[in-house]
2 protein chains.
Amino acid sequence: MSSETGRTRPYHHGDLRRALIDTALQILQEEQNWEFTLRELARRAGVSHAAPYKHFADKRELLAEVAAVGFRALRQAMEAAAAGHEGEPEELLAVLGETYVAFALESPARFRLMFGPVRDDEPPVPALQSAAGEAFEALRAAGAGSGGGEVDTRTLAAWSLVHGLATLLIDRRIPGAPSDTAGTRALVARIIRASVRAPA
Amino acid sequence: MSSETGRTRPYHHGDLRRALIDTALQILQEEQNWEFTLRELARRAGVSHAAPYKHFADKRELLAEVAAVGFRALRQAMEAAAAGHEGEPEELLAVLGETYVAFALESPARFRLMFGPVRDDEPPVPALQSAAGEAFEALRAAGAGSGGGEVDTRTLAAWSLVHGLATLLIDRRIPGAPSDTAGTRALVARIIRASVRAPA
DNA sequence: GCCTCTATGTTTTCGCCGTCAACTTAAAGG
DNA sequence: CCTTTAAGTTGACGGCGAAAACATAGAGGC
(Lines give C-alpha, C1' and ligand atoms only; values in the text may rest on other atoms or scores of the structure.)
Protein backbone atom coordinates (compact mmCIF):
# COMPACT_ATOMS: atom_id res chain seq x y z
CA MET A 1 0.00 0.00 0.00
CA SER A 2 2.98 2.37 0.41
CA SER A 3 3.45 4.64 -2.58
CA GLU A 4 6.75 4.56 -4.38
CA THR A 5 7.10 8.32 -4.34
CA GLY A 6 7.33 10.60 -1.34
CA ARG A 7 8.64 9.37 1.99
CA THR A 8 10.19 6.06 0.98
CA ARG A 9 11.11 4.86 4.44
CA PRO A 10 8.03 3.50 6.22
CA TYR A 11 7.33 4.10 9.84
CA HIS A 12 9.98 2.70 12.06
CA HIS A 13 12.83 1.85 9.79
CA GLY A 14 11.32 0.04 6.83
CA ASP A 15 10.40 -3.51 6.24
CA LEU A 16 13.55 -5.21 7.18
CA ARG A 17 13.24 -8.95 6.68
CA ARG A 18 12.48 -8.34 3.01
CA ALA A 19 15.43 -5.94 2.83
CA LEU A 20 17.65 -8.42 4.63
CA ILE A 21 16.71 -11.27 2.33
CA ASP A 22 17.28 -9.09 -0.72
CA THR A 23 20.64 -7.89 0.53
CA ALA A 24 21.66 -11.42 1.39
CA LEU A 25 20.83 -12.48 -2.15
CA GLN A 26 22.94 -9.64 -3.48
CA ILE A 27 25.96 -10.59 -1.39
CA LEU A 28 25.42 -14.23 -2.32
CA GLN A 29 25.60 -13.26 -5.96
CA GLU A 30 28.64 -11.06 -5.51
CA GLU A 31 30.78 -13.34 -3.40
CA GLN A 32 29.41 -16.65 -4.65
CA ASN A 33 29.24 -18.11 -1.18
CA TRP A 34 27.33 -17.66 2.03
CA GLU A 35 30.28 -17.20 4.33
CA PHE A 36 29.44 -13.52 4.70
CA THR A 37 28.77 -12.46 8.25
CA LEU A 38 25.48 -11.44 9.71
CA ARG A 39 27.13 -8.22 10.81
CA GLU A 40 28.21 -7.43 7.26
CA LEU A 41 24.66 -8.05 6.11
CA ALA A 42 23.31 -5.70 8.78
CA ARG A 43 25.88 -3.09 7.81
CA ARG A 44 24.84 -3.18 4.17
CA ALA A 45 21.20 -2.99 5.16
CA GLY A 46 21.96 0.06 7.29
CA VAL A 47 20.89 -1.36 10.62
CA SER A 48 22.64 -2.35 13.80
CA HIS A 49 24.33 -5.73 14.07
CA ALA A 50 21.63 -7.21 16.26
CA ALA A 51 18.63 -6.00 14.27
CA PRO A 52 18.36 -9.19 12.16
CA TYR A 53 17.59 -11.18 15.29
CA LYS A 54 14.21 -9.48 15.48
CA HIS A 55 13.26 -11.26 12.27
CA PHE A 56 15.32 -14.45 12.18
CA ALA A 57 16.25 -16.80 14.97
CA ASP A 58 19.76 -17.19 13.65
CA LYS A 59 21.87 -17.16 10.53
CA ARG A 60 20.67 -20.58 9.36
CA GLU A 61 17.07 -19.44 9.38
CA LEU A 62 17.94 -16.37 7.33
CA LEU A 63 19.75 -18.52 4.79
CA ALA A 64 16.85 -20.94 4.71
CA GLU A 65 14.49 -18.13 3.78
CA VAL A 66 16.85 -17.07 1.00
CA ALA A 67 16.84 -20.64 -0.23
CA ALA A 68 13.05 -20.69 -0.13
CA VAL A 69 12.91 -17.62 -2.36
CA GLY A 70 15.24 -19.47 -4.71
CA PHE A 71 12.93 -22.48 -4.90
CA ARG A 72 9.99 -20.25 -5.73
CA ALA A 73 12.04 -18.68 -8.52
CA LEU A 74 13.02 -22.11 -9.84
CA ARG A 75 9.41 -23.21 -9.84
CA GLN A 76 8.33 -20.11 -11.72
CA ALA A 77 11.10 -20.54 -14.28
CA MET A 78 10.11 -24.15 -14.90
CA GLU A 79 6.43 -23.38 -15.16
CA ALA A 80 7.12 -20.59 -17.62
CA ALA A 81 9.30 -22.88 -19.71
CA ALA A 82 6.73 -25.67 -19.62
CA ALA A 83 3.97 -23.48 -21.00
CA GLY A 84 3.25 -24.39 -24.59
CA HIS A 85 4.72 -27.88 -24.50
CA GLU A 86 1.83 -29.73 -22.88
CA GLY A 87 1.27 -31.95 -25.91
CA GLU A 88 4.76 -33.36 -26.39
CA PRO A 89 6.16 -35.04 -23.27
CA GLU A 90 9.68 -35.54 -24.62
CA GLU A 91 10.12 -31.92 -25.58
CA LEU A 92 8.64 -30.85 -22.28
CA LEU A 93 11.14 -32.90 -20.32
CA ALA A 94 14.03 -31.56 -22.38
CA VAL A 95 12.99 -27.94 -21.99
CA LEU A 96 12.49 -28.41 -18.28
CA GLY A 97 15.95 -29.90 -17.95
CA GLU A 98 17.56 -27.07 -19.86
CA THR A 99 15.76 -24.57 -17.67
CA TYR A 100 16.94 -26.36 -14.56
CA VAL A 101 20.59 -26.28 -15.60
CA ALA A 102 20.31 -22.68 -16.82
CA PHE A 103 18.93 -21.70 -13.43
CA ALA A 104 21.90 -23.28 -11.69
CA LEU A 105 24.43 -21.65 -14.01
CA GLU A 106 22.79 -18.27 -13.64
CA SER A 107 23.40 -18.18 -9.92
CA PRO A 108 25.62 -21.04 -8.75
CA ALA A 109 25.86 -19.97 -5.15
CA ARG A 110 22.12 -19.72 -4.79
CA PHE A 111 21.70 -23.14 -6.32
CA ARG A 112 24.27 -24.59 -3.94
CA LEU A 113 22.55 -22.95 -1.00
CA MET A 114 19.18 -24.32 -2.06
CA PHE A 115 20.49 -27.83 -2.32
CA GLY A 116 22.58 -27.73 0.79
CA PRO A 117 22.15 -30.70 3.06
CA VAL A 118 19.03 -31.05 5.14
CA ARG A 119 20.43 -31.49 8.60
CA ASP A 120 18.55 -33.79 10.93
CA ASP A 121 19.59 -32.10 14.15
CA GLU A 122 18.38 -28.64 13.16
CA PRO A 123 14.70 -27.72 13.23
CA PRO A 124 13.34 -27.47 9.68
CA VAL A 125 12.23 -24.11 8.31
CA PRO A 126 8.63 -24.53 7.07
CA ALA A 127 8.87 -21.94 4.29
CA LEU A 128 11.85 -23.75 2.82
CA GLN A 129 10.18 -27.13 2.99
CA SER A 130 7.03 -26.04 1.24
CA ALA A 131 8.83 -24.01 -1.42
CA ALA A 132 11.12 -26.93 -2.23
CA GLY A 133 8.18 -29.31 -2.32
CA GLU A 134 6.26 -27.17 -4.75
CA ALA A 135 9.25 -26.83 -7.06
CA PHE A 136 9.72 -30.57 -7.16
CA GLU A 137 6.05 -31.02 -7.79
CA ALA A 138 6.37 -28.94 -10.94
CA LEU A 139 9.13 -31.24 -12.05
CA ARG A 140 7.30 -34.42 -11.14
CA ALA A 141 4.22 -33.35 -13.04
CA ALA A 142 6.21 -33.51 -16.26
CA GLY A 143 7.09 -37.16 -15.70
CA ALA A 144 5.01 -40.11 -16.67
CA GLY A 145 4.06 -40.80 -13.08
CA SER A 146 0.60 -40.21 -11.76
CA GLY A 147 -0.39 -37.64 -9.19
CA GLY A 148 0.89 -39.48 -6.14
CA GLY A 149 3.60 -38.21 -3.83
CA GLU A 150 6.23 -40.53 -5.21
CA VAL A 151 8.67 -39.92 -8.02
CA ASP A 152 8.57 -42.39 -10.87
CA THR A 153 11.73 -44.06 -12.16
CA ARG A 154 12.01 -42.28 -15.47
CA THR A 155 11.45 -38.89 -13.89
CA LEU A 156 14.00 -39.59 -11.20
CA ALA A 157 16.55 -40.63 -13.80
CA ALA A 158 15.98 -37.44 -15.76
CA TRP A 159 16.11 -35.33 -12.65
CA SER A 160 19.33 -36.99 -11.53
CA LEU A 161 20.95 -36.44 -14.90
CA VAL A 162 20.04 -32.80 -14.98
CA HIS A 163 20.89 -32.15 -11.35
CA GLY A 164 24.23 -33.89 -11.65
CA LEU A 165 25.10 -32.03 -14.82
CA ALA A 166 24.23 -28.72 -13.19
CA THR A 167 26.27 -29.53 -10.10
CA LEU A 168 29.33 -30.71 -12.00
CA LEU A 169 29.21 -27.68 -14.27
CA ILE A 170 28.93 -25.02 -11.58
CA ASP A 171 31.64 -26.69 -9.51
CA ARG A 172 33.90 -26.77 -12.57
CA ARG A 173 34.46 -30.46 -12.23
CA ILE A 174 34.26 -31.47 -15.87
CA PRO A 175 37.75 -31.40 -17.41
CA GLY A 176 37.12 -30.38 -21.01
CA ALA A 177 33.96 -28.36 -20.47
CA PRO A 178 33.59 -25.06 -22.35
CA SER A 179 33.86 -21.94 -20.23
CA ASP A 180 31.62 -19.64 -22.24
CA THR A 181 27.87 -19.50 -21.94
CA ALA A 182 27.07 -20.49 -25.52
CA GLY A 183 29.34 -23.52 -25.53
CA THR A 184 28.00 -24.66 -22.19
CA ARG A 185 24.44 -24.27 -23.38
CA ALA A 186 25.16 -26.36 -26.46
CA LEU A 187 26.77 -29.07 -24.36
CA VAL A 188 23.79 -29.16 -22.02
CA ALA A 189 21.34 -29.34 -24.91
CA ARG A 190 23.30 -32.16 -26.55
CA ILE A 191 23.42 -34.29 -23.43
CA ILE A 192 19.82 -33.73 -22.45
CA ARG A 193 18.40 -34.28 -25.94
CA ALA A 194 20.39 -37.46 -26.40
CA SER A 195 19.20 -38.87 -23.08
CA VAL A 196 15.58 -37.87 -23.55
CA ARG A 197 15.43 -39.43 -26.99
CA ALA A 198 16.39 -42.80 -25.53
CA PRO A 199 13.63 -43.68 -23.05
CA ALA A 200 15.03 -45.59 -20.11
CA MET B 1 58.12 -48.58 11.07
CA SER B 2 57.09 -47.70 14.61
CA SER B 3 55.97 -50.66 16.65
CA GLU B 4 52.54 -50.50 18.22
CA THR B 5 53.87 -51.36 21.65
CA GLY B 6 56.35 -49.40 23.69
CA ARG B 7 56.85 -45.68 23.20
CA THR B 8 54.05 -44.83 20.81
CA ARG B 9 54.77 -41.12 20.51
CA PRO B 10 57.65 -40.50 18.10
CA TYR B 11 60.33 -37.90 18.65
CA HIS B 12 58.89 -34.48 19.03
CA HIS B 13 55.23 -35.07 19.24
CA GLY B 14 54.40 -37.47 16.45
CA ASP B 15 53.61 -37.00 12.85
CA LEU B 16 50.94 -34.43 13.09
CA ARG B 17 49.62 -33.61 9.64
CA ARG B 18 48.68 -37.26 9.21
CA ALA B 19 47.11 -37.24 12.65
CA LEU B 20 45.30 -34.00 11.90
CA ILE B 21 43.95 -35.29 8.61
CA ASP B 22 42.80 -38.50 10.26
CA THR B 23 41.14 -36.67 13.13
CA ALA B 24 39.47 -34.27 10.72
CA LEU B 25 38.05 -37.23 8.83
CA GLN B 26 36.74 -38.66 12.08
CA ILE B 27 35.00 -35.43 13.07
CA LEU B 28 33.68 -35.09 9.53
CA GLN B 29 32.12 -38.53 9.84
CA GLU B 30 30.71 -37.86 13.30
CA GLU B 31 29.19 -34.45 12.72
CA GLN B 32 28.49 -34.80 9.00
CA ASN B 33 29.80 -31.34 8.23
CA TRP B 34 33.04 -29.43 8.22
CA GLU B 35 31.97 -26.57 10.42
CA PHE B 36 34.13 -27.88 13.25
CA THR B 37 36.77 -25.43 14.39
CA LEU B 38 40.48 -25.75 13.91
CA ARG B 39 40.81 -25.38 17.65
CA GLU B 40 38.50 -28.32 18.27
CA LEU B 41 40.57 -30.36 15.85
CA ALA B 42 43.78 -29.40 17.66
CA ARG B 43 42.18 -30.26 20.99
CA ARG B 44 41.24 -33.75 19.80
CA ALA B 45 44.70 -34.26 18.37
CA GLY B 46 46.19 -33.25 21.72
CA VAL B 47 48.15 -30.24 20.54
CA SER B 48 47.90 -26.52 21.02
CA HIS B 49 45.45 -24.55 18.93
CA ALA B 50 48.16 -23.02 16.77
CA ALA B 51 50.05 -26.22 16.01
CA PRO B 52 48.07 -27.00 12.83
CA TYR B 53 49.43 -23.84 11.25
CA LYS B 54 52.86 -25.47 11.09
CA HIS B 55 51.45 -27.96 8.58
CA PHE B 56 48.63 -26.14 6.83
CA ALA B 57 48.40 -22.54 5.70
CA ASP B 58 44.82 -22.27 6.85
CA LYS B 59 41.65 -24.23 7.40
CA ARG B 60 40.82 -24.43 3.68
CA GLU B 61 44.11 -26.11 2.93
CA LEU B 62 43.55 -28.68 5.66
CA LEU B 63 40.10 -29.46 4.27
CA ALA B 64 41.51 -29.66 0.76
CA GLU B 65 43.96 -32.32 1.89
CA VAL B 66 41.12 -34.26 3.48
CA ALA B 67 39.25 -34.03 0.20
CA ALA B 68 42.32 -35.28 -1.66
CA VAL B 69 42.45 -38.35 0.53
CA GLY B 70 38.80 -38.88 -0.32
CA PHE B 71 39.47 -38.76 -4.05
CA ARG B 72 42.21 -41.34 -3.69
CA ALA B 73 39.79 -43.58 -1.83
CA LEU B 74 37.13 -43.10 -4.51
CA ARG B 75 39.61 -43.98 -7.22
CA GLN B 76 40.67 -47.13 -5.38
CA ALA B 77 37.08 -48.17 -4.87
CA MET B 78 36.25 -47.71 -8.53
CA GLU B 79 39.35 -49.53 -9.72
CA ALA B 80 38.62 -52.43 -7.42
CA ALA B 81 35.04 -52.59 -8.67
CA ALA B 82 36.14 -52.40 -12.29
CA ALA B 83 38.45 -55.39 -11.99
CA GLY B 84 36.93 -58.38 -13.72
CA HIS B 85 34.58 -56.47 -15.99
CA GLU B 86 37.01 -55.46 -18.72
CA GLY B 87 35.20 -57.38 -21.39
CA GLU B 88 31.67 -56.05 -20.99
CA PRO B 89 31.47 -52.24 -21.23
CA GLU B 90 27.83 -51.95 -20.18
CA GLU B 91 28.29 -53.97 -17.02
CA LEU B 92 31.47 -52.07 -16.28
CA LEU B 93 29.70 -48.73 -16.46
CA ALA B 94 26.86 -49.94 -14.25
CA VAL B 95 29.17 -51.34 -11.61
CA LEU B 96 31.21 -48.18 -11.62
CA GLY B 97 28.08 -46.10 -11.13
CA GLU B 98 26.87 -48.22 -8.26
CA THR B 99 30.27 -47.92 -6.62
CA TYR B 100 30.19 -44.17 -7.06
CA VAL B 101 26.81 -43.80 -5.39
CA ALA B 102 27.72 -46.26 -2.65
CA PHE B 103 30.82 -44.23 -1.89
CA ALA B 104 28.73 -41.09 -1.51
CA LEU B 105 26.16 -42.79 0.72
CA GLU B 106 28.84 -44.31 2.88
CA SER B 107 30.19 -40.93 3.90
CA PRO B 108 27.97 -38.08 2.71
CA ALA B 109 29.91 -35.28 4.35
CA ARG B 110 33.17 -36.42 2.81
CA PHE B 111 31.53 -36.60 -0.59
CA ARG B 112 30.11 -33.11 -0.17
CA LEU B 113 33.49 -31.80 0.88
CA MET B 114 35.19 -33.42 -2.10
CA PHE B 115 32.75 -31.87 -4.52
CA GLY B 116 32.64 -28.50 -2.89
CA PRO B 117 33.02 -25.57 -5.25
CA VAL B 118 36.40 -24.79 -6.72
CA ARG B 119 36.81 -21.13 -5.87
CA ASP B 120 38.62 -18.98 -8.36
CA ASP B 121 39.96 -16.45 -5.89
CA GLU B 122 41.67 -19.01 -3.68
CA PRO B 123 44.95 -20.63 -4.68
CA PRO B 124 44.39 -24.25 -5.69
CA VAL B 125 45.82 -27.04 -3.58
CA PRO B 126 47.95 -29.25 -5.87
CA ALA B 127 47.35 -32.49 -4.00
CA LEU B 128 43.61 -32.04 -4.37
CA GLN B 129 43.81 -31.24 -8.06
CA SER B 130 45.89 -34.28 -8.93
CA ALA B 131 43.88 -36.65 -6.77
CA ALA B 132 40.63 -35.45 -8.30
CA GLY B 133 42.06 -35.70 -11.79
CA GLU B 134 43.19 -39.28 -11.29
CA ALA B 135 39.82 -40.31 -9.93
CA PHE B 136 38.03 -38.82 -12.93
CA GLU B 137 40.52 -40.52 -15.21
CA ALA B 138 39.47 -43.88 -13.81
CA LEU B 139 35.91 -42.97 -14.63
CA ARG B 140 36.67 -41.66 -18.10
CA ALA B 141 38.61 -44.80 -18.99
CA ALA B 142 35.38 -46.78 -18.72
CA GLY B 143 33.66 -44.63 -21.32
CA ALA B 144 33.81 -45.10 -25.03
CA GLY B 145 36.08 -42.11 -25.50
CA SER B 146 39.73 -42.43 -26.40
CA GLY B 147 42.68 -41.50 -24.23
CA GLY B 148 42.43 -37.75 -24.70
CA GLY B 149 41.86 -35.29 -21.89
CA GLU B 150 38.25 -34.68 -22.81
CA VAL B 151 35.17 -36.45 -21.57
CA ASP B 152 32.97 -38.01 -24.22
CA THR B 153 29.25 -37.34 -24.33
CA ARG B 154 28.03 -40.76 -23.24
CA THR B 155 30.45 -40.86 -20.34
CA LEU B 156 29.47 -37.38 -19.23
CA ALA B 157 25.80 -38.31 -19.34
CA ALA B 158 26.45 -41.39 -17.23
CA TRP B 159 28.61 -39.46 -14.82
CA SER B 160 25.97 -36.74 -14.47
CA LEU B 161 23.24 -39.26 -13.80
CA VAL B 162 25.21 -41.01 -11.14
CA HIS B 163 26.53 -37.85 -9.54
CA GLY B 164 23.11 -36.27 -9.44
CA LEU B 165 21.53 -39.36 -7.98
CA ALA B 166 24.20 -39.52 -5.29
CA THR B 167 23.79 -35.84 -4.46
CA LEU B 168 20.00 -35.94 -4.31
CA LEU B 169 20.08 -39.06 -2.15
CA ILE B 170 22.54 -37.83 0.45
CA ASP B 171 20.78 -34.48 0.69
CA ARG B 172 17.46 -36.26 1.20
CA ARG B 173 15.89 -34.40 -1.63
CA ILE B 174 13.92 -37.23 -3.23
CA PRO B 175 10.41 -37.33 -1.73
CA GLY B 176 9.53 -41.02 -1.78
CA ALA B 177 13.03 -42.43 -1.49
CA PRO B 178 13.58 -45.42 0.83
CA SER B 179 15.50 -44.65 3.99
CA ASP B 180 17.12 -48.04 4.54
CA THR B 181 20.31 -49.19 2.89
CA ALA B 182 18.85 -52.15 1.04
CA GLY B 183 15.99 -50.22 -0.46
CA THR B 184 18.25 -47.41 -1.52
CA ARG B 185 20.65 -49.85 -3.11
CA ALA B 186 17.84 -51.44 -5.08
CA LEU B 187 16.63 -48.06 -6.27
CA VAL B 188 20.11 -47.08 -7.40
CA ALA B 189 20.59 -50.35 -9.24
CA ARG B 190 17.23 -50.00 -10.97
CA ILE B 191 17.88 -46.51 -12.23
CA ILE B 192 21.43 -47.16 -13.33
CA ARG B 193 20.66 -50.45 -15.08
CA ALA B 194 17.72 -48.94 -16.92
CA SER B 195 19.76 -46.00 -18.12
CA VAL B 196 22.79 -48.06 -19.12
CA ARG B 197 20.69 -50.48 -21.10
CA ALA B 198 19.39 -47.62 -23.26
CA PRO B 199 22.47 -46.12 -24.93
CA ALA B 200 22.10 -42.37 -25.33
C1' DG C 1 81.11 -35.31 21.45
C1' DC C 2 79.61 -30.70 21.12
C1' DC C 3 77.10 -26.92 18.99
C1' DT C 4 74.43 -24.60 15.98
C1' DC C 5 70.39 -24.74 12.79
C1' DT C 6 65.90 -25.42 11.89
C1' DA C 7 61.53 -27.84 12.05
C1' DT C 8 57.92 -28.27 15.13
C1' DG C 9 55.05 -26.92 19.03
C1' DT C 10 53.37 -23.29 22.67
C1' DT C 11 51.82 -18.92 24.43
C1' DT C 12 50.05 -14.62 23.73
C1' DT C 13 47.58 -11.38 21.31
C1' DC C 14 44.48 -9.23 17.95
C1' DG C 15 40.21 -8.17 15.64
C1' DC C 16 35.98 -10.09 14.44
C1' DC C 17 32.05 -13.04 14.85
C1' DG C 18 27.33 -15.04 16.50
C1' DT C 19 24.33 -14.46 20.01
C1' DC C 20 22.03 -12.65 24.11
C1' DA C 21 20.30 -9.30 27.55
C1' DA C 22 19.05 -4.79 28.73
C1' DC C 23 17.63 -0.53 27.17
C1' DT C 24 15.12 2.78 23.88
C1' DT C 25 11.80 4.35 20.59
C1' DA C 26 7.71 4.97 18.15
C1' DA C 27 3.47 3.15 15.83
C1' DA C 28 -1.13 1.24 17.17
C1' DG C 29 -5.32 0.90 19.55
C1' DG C 30 -8.59 1.24 23.34
C1' DC D 1 -4.02 10.47 25.72
C1' DC D 2 -1.79 6.96 27.46
C1' DT D 3 -0.39 2.23 27.55
C1' DT D 4 1.25 -1.67 25.13
C1' DT D 5 4.46 -3.89 22.37
C1' DA D 6 6.93 -4.66 17.97
C1' DA D 7 11.20 -3.17 16.11
C1' DG D 8 15.84 -1.26 16.58
C1' DT D 9 20.18 -0.09 19.46
C1' DT D 10 23.94 -0.67 22.64
C1' DG D 11 26.99 -3.29 25.15
C1' DA D 12 28.82 -7.58 26.67
C1' DC D 13 30.56 -12.49 26.47
C1' DG D 14 32.89 -16.43 24.94
C1' DG D 15 35.00 -18.45 20.99
C1' DC D 16 37.17 -18.33 16.65
C1' DG D 17 41.00 -17.89 12.76
C1' DA D 18 45.21 -16.13 12.24
C1' DA D 19 49.80 -14.14 13.24
C1' DA D 20 53.84 -13.03 16.18
C1' DA D 21 57.06 -14.02 19.62
C1' DC D 22 59.02 -17.46 22.09
C1' DA D 23 60.63 -22.38 23.39
C1' DT D 24 62.57 -26.97 22.48
C1' DA D 25 64.58 -30.82 20.71
C1' DG D 26 66.49 -33.69 16.61
C1' DA D 27 69.89 -33.57 12.92
C1' DG D 28 73.94 -32.72 10.78
C1' DG D 29 78.48 -30.31 10.37
C1' DC D 30 82.78 -29.96 12.68
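Computed from heavy atoms alone, side chains included, the values below leave out hydrogens, waters and symmetry copies.
As rounded to whole Å, 16 Å separates atom P of D:dG15 from atom NZ of B:Lys59. Rounded to an integer number of Å, the gap from CG of A:Leu63 to P of C:dG18 is 10 Å. Taking atom CZ on B:Phe36 and atom C1' on D:dG17, their separation rounds to 14 Å, with Å as the unit. The distance from atom CG of B:Leu38 to atom P of D:dA18 is 7 Å, rounded to the nearest whole Å. The distance from atom OH of A:Tyr53 to atom C1' of D:dT10 is 15 Å, rounded to the nearest whole Å. Taking atom CH2 of B:Trp34 as the reference point, atom C1' of D:dG17 lies 19 Å away to the nearest angstrom. In this structure, B:Phe56 places its CZ atom 13 Å from P of D:dA18, rounding to the nearest Å. At whole-Å resolution of the value, CD in B:Glu35 and P in D:dC16 are 13 Å apart.
Between A:Phe136 and A:Trp159, the ring planes lie tilted relative to each other; the angle falls in the 30° to 60° range. Taking the six-membered ring where tryptophan is involved, the planes of B:Phe115 and B:Phe71 are perpendicular, since the angle between them exceeds 60° and thus also 30°.
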query = Going through the checks in order, is the side-chain contact (heavy atoms from CB on, under 4.5 Å) test met by A:Leu128 and A:Glu65?
reply = CA-CA 6 Å; A:Leu128 175 55; A:Glu65 299 289 350; over 6 Å; no
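Proximity of A:Phe103 to A:Arg110: side-chain heavy atoms (C-beta onward) are separated by under 4.5 Å at one or more points.
Considering only the side chain of A:His55, D:dG8 comes nearest among C:dT19, D:dG17, D:dG8. Checked against C:dT10, C:dT19, D:dT9, the side chain of B:Ala51 finds its nearest nucleotide in C:dT10.
No option in B:Leu16, B:Val66, B:Leu63 other than B:Val66 meets the side-chain contact (heavy atoms from CB on, under 4.5 Å) test with B:Ile21.
At a threshold of 4.0 angstrom between heavy atoms, the contacts of B:Lys54 include nucleobase atoms, whether or not backbone atoms are also involved.
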Do any N or O atoms of the protein come closer than 3.5 Å to N or O atoms of nucleotides 12-16 of chain C, and which pairs are they?
| residue | atom | partner | partner atom | Å |
| --- | --- | --- | --- | --- |
| C:dT12 | O4 | B:His49 | NE2 | 2.8 |

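Side chain of B:Asp171 to main chain of B:Arg173: no donor-acceptor pair is present (N/O by atom type, distance under 3.5 Å, no hydrogens or angles). Between the side chain of B:Thr155 and the main chain of B:Val151, no donor-acceptor pair closer than 3.5 Å is present.
The bend of the helix from C:dG1-D:dC30 to C:dG30-D:dC1, defined by the angle between the axes of its first five and last five pairs, stands at 10° to the nearest 10°.
Taking the ring centre of B:Tyr53 as origin, the terminal cationic atom of B:Lys59 falls outside the region bounded by 6.0 Å and 45° from the ring axis.
The pair B:Arg193-B:Glu91 counts as a salt bridge, with a side-chain nitrogen and a carboxylate oxygen less than 4.0 angstrom apart.
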